[in-house]
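Let me begin by presenting the structure, written as structure tokens, before commenting on it.
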Amino acid sequence: MAQVSMTVNGKVRKRNVDPRVLLVHFLREELRLTGTHIGCDTSQCGACTVLIDGRSAKSCTIFAVQADGSAITTIEGLAPDGQLHPLQEGFWEEHGLQCGYCTPGMIMAAVTLLQDNPKPSEREIREGISGNFCRCTGYQHIVNAIQYAANKR
Amino acid sequence: MTKLETQELDRDSRAPYREVGRSVPRLEGAAKVTGSAEYIHNLRVPGMLHGKICRSSVAHGRIVGIDSSAALAIEGVHAVITIDEVLTLVANPYYGPAFHDQPILAHGKVRHVGEPVAVVLAADPHVAEEASNLVEIAYEPIEAVFDEVAAARPGAPVIHDVLKPAGMFTDLKYLQGRSGTNVALDARVRRGDVVRGFAESDRIFEHTFRSGKVMHAAFEPIVSVAEMNGHDELTIHSATQSPSFVRSEISRLLGWPENRVRVRTAFLGGGFGAKLYIKLEALVAVCALIVRKPVRIALTMDEQFYTITKHGATVRIKTGVKNDGRMIARQVETFWNGGAYADIGPRVTQKSGFTAAGPYDIEHVALDNFAVYTNEPPAGALRGFGISQVSWAYERQADIIARTLGIDPLDFRRRNILREGRPHVTGTRISNLEIPGVLDLLSDRMEWDRPFDRGTGTIRRGRGLALGLKACISPTTSVAIVHVYGDGSCAVHCGTVDMGQGSDTVMAQVAGEVLGIRAESVQVLHPDTSSTPYDMGTLGSRSTFHMGHAVRMAALSVRAQLLEIAGRAFGVDPTDLACCDAAVVCGDGRRLTLRELMLERFAMQAGNVVGVGSYAPSYEKANPETGQSPDITPFWMLGGAGAEIAVDMETGRINVTKLVNVADVGRAINPSIVERQLIGAAIMQAGFTLFEEMILIDGQVLNASLADYKIPGFLDLPEDLSAAYVEIPHENGPFGAKGVGETGVFSPAPAIANALYDAIGVVVTDLPLTPERVLRAIRKAEGRPMEDD
């Protein structure tokens, strides 16, 4: 077992974990932050995307011990005061979701996209978020949802 | 029809509606964007064990030994369960919606690679996984068969010694017990005299089209958790599309009454047919009963490739036409690769099989459909129930015929489509189906009359269109309950599973419309067989029509009771009152809110006003010899697609630049959701058309992960992607609505291939249209085939 300490959604979390535990398992099982989802197990789908030190990353690609000392933001930490983040609003308003399973990861990936490029074109959105998959929506309205958030900021 | 219903139907026809036709944002939107939506995959139960399945490594074999000792020696392993332990609890451990052919764990033999043979249980899922690799299973291989045509031939290795029909669903009652064959069902349709039809034809076209195996890839894994309640009750939490069926089947297996088995679900992270009938529920149930602890099993994505797939299919299609472009004879033989267990394959075979002549008015037709067992992973329902496999054949061939006769493909279809009132090949008349309207809208969206530049160099362009017809499943039942609580708030109890299609929102709109309240204020409870009434299943685009109807009936009953209460209070006849703005209003301006009505009735904030509605449309089963029935479906569905593509002559790569999907939806209860269903379905089908394919060798899936099995991503999106629909209210639909969840998958594949044909004239008969297949076809057409062709 190894001790890890990280700041998750603004709170310091210390735990003893098995070295083989992935960050996504740590968040879901240890901290019960189940808004971060597991889809494909092979780092393709992006349902487990979170922010690690402010940058989006698939939390199934790293071990919890590798995130020691990091600041993590999950979907639960995106709207701490209860006010929806513009991206959260966009995904709801623009019907940018269906089953909703990929949505938290999609939103977290889009946070970094908009940080890097506050006014992205449609093509830039498609490219910027192409590491995340969705099986339901056909993507078009996810693009619209991100544009909605970009216009709102 | 009861008098009340007739009267209320008249009232319903008083458009405009307030809730129906409004693009209500999804009720669960806030939960889904904040990560608080409930999925069964998130559920943990105190004291729970995790199960990891040990799977067969051979496609067909007798099990000669299972050695669990090394696994049991691992610290933390609670038990290893095999069929021997299952048999102590369930004497006849076989399940299935069509045939009772699938054992809870392999029983004496295995029939496909990946078949569950044993389960390791441990409190730590990593321990269970590690130990599962240590269970030694020895097999004596048996000759296997993988190809559906070969498996159907006499003399092929027989996969099931005896077939026992399940006998549960009315539409599958015709299945017969059989032995000595892999053909689970041959479903036929006969109309006219096909021999005479070919004799009278000017031209005859014959082709064989194939669709490969693909899979659902819903992102929430297939997952179930079972726990005992008290001494002799069982709760199963499952990511299932069919909680009522799960309850019936588990009860039957255990020999328990249904009231001791509770099945509940939550939001599903996608379903697409993968989560129907029994998947893990029987296994977690017996494990929990054996170890007397809660048990959870969740599949990984790679395990799902071995659990349920779409049917691969071989379609032989022969069509006779007159020189004026009228089709007069069609013979179709379809072999459906059902894999090792029938699941719902016989229904796919029969229901899609009888539409294999397409949406066309053809005098002489013979359709033969074979549900075939093979030693591949089981195939079942996947969005469209087999329609896209047969439309791939009839719509691809349509363009070949049209070009040969020198007729525009749109014009060719116009000359042949079924018109309102004409008999479909099954004998059921086409009604409430707007085929000409869909074609017109498609033509309009594709700007079919404008000149089209096909290019000359390396990049060539083409455009194509296609149609697809489906008959909604029948007969099925939905029951719903609508409550008004003591404070006047309203809840719908129904068994429809919201797996992303937006059914919660739509049911709230239906109830809201009837009761004069905002959809946003209606609570829709999620399926729990201990509190929500029966529903056949969330499948086949049936929910809006069937459950929508049941919810509407339940709400009408509530409304009648509310009007009665108000009528007494106002001293007027209830027929002079109306529900509007969360109140009952009288012509003279007096009004009572729902809350006030409840106070009026119960004298304090108390009580319930409850309405129950149920709906089961009429049905007449088809004659097994001829497939003829006057009433085979409650509603017809029609989808049309148009595609523009660019193809690279040097690489064979197709770039879909425009994709339009058009549907007849009856009435769109929620226009935004309808549009997104069509677009989502179109992109899923575009994946199946262009690159998705399970690569199987000797029953092993070589690409069983999303790393190797590519699904469409953002970069695969056509530049121009849109959906449109025609709204001609269906006379039996709730507010005229029909189902739409599958419609968008019916026709994109042939539309894209027809565009390829339009661009460069090559015929690719097998899906998907990978660059390799296209390039091989190009090279063959150029007279310089690839060396290994």
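Note on naming: letters A, B, ... go to the chains in the order of the sequence lines (proteins, then strands), and numbering restarts at 1 for each one. Small disclaimer: the values here were computed from a predicted structure and weren't measured.
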Where is the tightest heavy-atom contact between [X] and [Y], given as atom of each residue plus distance?
X      : Y      : result
A:F133 : B:F219 : O-CE2, 3.0 Å
B:V33  : A:T103 : CG1-CG2, 4.3 Å
A:P104 : B:G35  : CG-CA, 4.4 Å
A:T137 : B:I679 : O-CG2, 3.8 Å

Under a 4.5 Å heavy-atom cutoff, which of [options] has the most pairs with chain B?
options                     : value
A:G77, A:C134, A:S43, A:G96 : A:C134
A:G90, A:G35, A:G39         : A:G39
A:R32, A:E76, A:E94         : A:R32

Counting only non-hydrogen atoms closer than 4.5 Å, does [X] touch chain B with its backbone (N, CA, C, O), its side chain (CB onward), both, or neither?
X     : value
A:I38 : both
A:Q88 : both
A:H85 : neither
A:L97 : both

To the closest 0.5 Å, what do you measure between [atom1] ([X]) and [atom2] ([Y])?
X      : Y      : atom1 : atom2 : answer
A:Y101 : B:L268 : OH    : CG    : 10.5 Å
B:M684 : A:C136 : CE    : SG    : 8.0 Å
A:W92  : B:T34  : CH2   : OG1   : 9.0 Å
A:D41  : B:Q304 : CG    : CD    : 8.5 Å
A:C40  : B:Y709 : SG    : OH    : 14.0 Å
B:E38  : A:T34  : CD    : OG1   : 9.5 Å

Select, from [options], the one with the greatest count of heavy-atom pairs under 4.5 Å involving chain A.
options                        : value
B:K32, B:Q677, B:R676, B:M301  : B:R676
B:L717, B:D716, B:I683, B:L706 : B:L717
B:D498, B:I711, B:I673, B:D302 : B:I711

Side chains of [X] and [Y] in contact at under 4.5 Å (non-hydrogen atoms):
X      : Y      : result
A:E29  : B:R44  : yes
A:H95  : B:R26  : yes
B:P712 : A:R135 : yes
B:F714 : A:V143 : yes
A:H37  : B:Y39  : yes
A:Q44  : B:K710 : no
A:Q140 : B:E675 : no

Is it the side chain or the backbone of [X] that comes within 4.5 Å of chain A heavy atoms, both, or neither?
X      : value
B:E719 : both
B:S36  : neither
B:V497 : neither
B:A686 : neither
B:H216 : backbone
B:A682 : neither
B:A37  : neither

Short N-O contact, A:R20 and B:E130, less than 4.0 angstrom
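Judged by the 4.0 Å cut-off on N to carboxylate O distance, A:R20 and B:E130 do form a salt bridge.
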What parts of residues 115-130 of chain A touch chain B if we use heavy atoms and a cut-off under 4.5 Å?
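Within residues 115-130 of chain A, near chain B: A:R123, A:R126, A:E127, A:I129, A:S130.
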